[in-house]
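Data first, discussion second: the structure below is written as C-alpha cells.
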Amino acid sequence: MSSRGNKKSIKVTIAFILLGFGLLQYQSCAPANENFDQDQELSTPVSGIDVINVGQISFPQSKVSAFMNQQLNVIGLCEQSDSLIGWKLKTPDNQLIERGLAKCELGSFEVQLSDSWESLCGVPLKLEAALGTEAQSEIIVEGSCQ
C-alpha cells in the first residue's frame, strides 16, 4: 500500500509543478518603470464623476419684454429631445421668484412664467435655464408696468 501512496503523491506533485509552469505565461516580465513616482501630479485631472455631453441650450435673444396681465412664454433652443430643462426666475440680487421644468421638443423648449414677476415690474429679472451641469443659458426679462 505504501508504494501506491507514494505513486499517488508523486503524481500530485508533478501535477502541481506542471500547473506552476503553465501559469508562468501569465507573469509580467516587463522591467519596472524607474520614472514612475506615485506622488507625481497627473497630466489630466481625475474626477470621480464622468462628464456626460448633454447637448447645448440657449436663448436666441438677450432679453424679452413682459407686459402686465399677459401670459409670458419664453422660447429657448435645445439639442437633446425629451430632456428636461430646469429654469429659475431671479431678481438682480439672486432672490428666487419662480422655478420650473421645461421639456426639449423638436429643438426648442418653452418657459411659461406665471404673473409672479408683475409685483417687480420695472426691475430687470434674470431667467436662467440649465440642462445638467454643463449646458446653461440666461435671458433678461424686462417687465413693463403699464
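These numbers come from the heavy atoms of this one structure, side chains and all, not from hydrogens, waters or symmetry mates.
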Is it true that Lys88 and Glu98 have a side-chain N and a carboxylate O under 4.0 angstrom from each other? no
Test Val74 against Gln61 for side chain to side chain contact (heavy atoms under 4.5 Å, CB included), laying out the working first. CA-CA 10 Å; Val74 182; Gln61 306 158 318; 5.9 Å; no
What's the shortest heavy-atom distance between Pro92 and Pro124, and which atoms? CG-O, 3.3 Å
The reported gap from CD in Glu105 to CG in Asp82 (rounded to nearest 0.5 angstrom) is 7.0 Å
I'd like to know whether Gln71 forms a side chain to side chain donor-acceptor pair (under 3.5 Å) with Asn73, so could you lay out the CA-CA distance, the side-chain angles of the two residues, the decisive distance to 0.1 Å, and finally the verdict. CA-CA 7 Å; Gln71 177 73 34; Asn73 296 336; 3.3 Å; yes
Between Met68 and Cys121, what is the shortest heavy-atom contact and its length? SD-CB, 4.3 Å
Could you measure the distance from the OG atom of Ser58 to the CZ atom of Phe109? Nearest 0.5 Å is fine. 7.5 Å
With hydrophobic residues grouped by side-chain heavy-atom distances under 4.5 Å, do Phe67 and Val141 end up in a single group? no
Using 0.5 Å steps for rounding, measure from the SG atom of Cys78 to the CD1 atom of Ile57. 8.0 Å
Quick check for you: to the nearest 0.5 Å, what is the distance between Glu138 atom CD and Lys63 atom NZ? 13.0 Å
Distance-only, no hydrogens or angles: does the Ser137 side chain make a donor-acceptor pair with backbone N or O of Phe59 under 3.5 Å? yes
Considering all heavy atoms, the nearest Leu101-Gly86 contact: CD2-CA, 3.7 Å
Hey, quick one: are Val123 and Leu113 part of the same hydrophobic cluster, counting side-chain heavy atoms closer than 4.5 Å, chains of contacts allowed? yes
Give the cluster check for Leu127 versus Val64: same hydrophobic cluster or not, with ILVMFWY residues linked at side-chain heavy-atom distances below 4.5 Å. yes
In Å and rounded to the nearest 0.5 Å, what is the CD1 to CD distance from Ile85 to Glu110? 12.0 Å
Are Leu120 and Leu72 linked, directly or through other ILVMFWY residues, by side chains that come within less than 4.5 angstrom of each other? yes
Separation between CD of Glu128 and CG of Leu96, rounded to the nearest 0.5 Å: 9.5 Å
Please name the pair of heavy atoms, one in Ala130 and one in Gln136, separated by the smallest distance, quoted to 0.1 Å. CB-CG, 3.9 Å
Cluster overlap Ile97 with Val111, hydrophobic side-chain contacts below 4.5 Å: yes
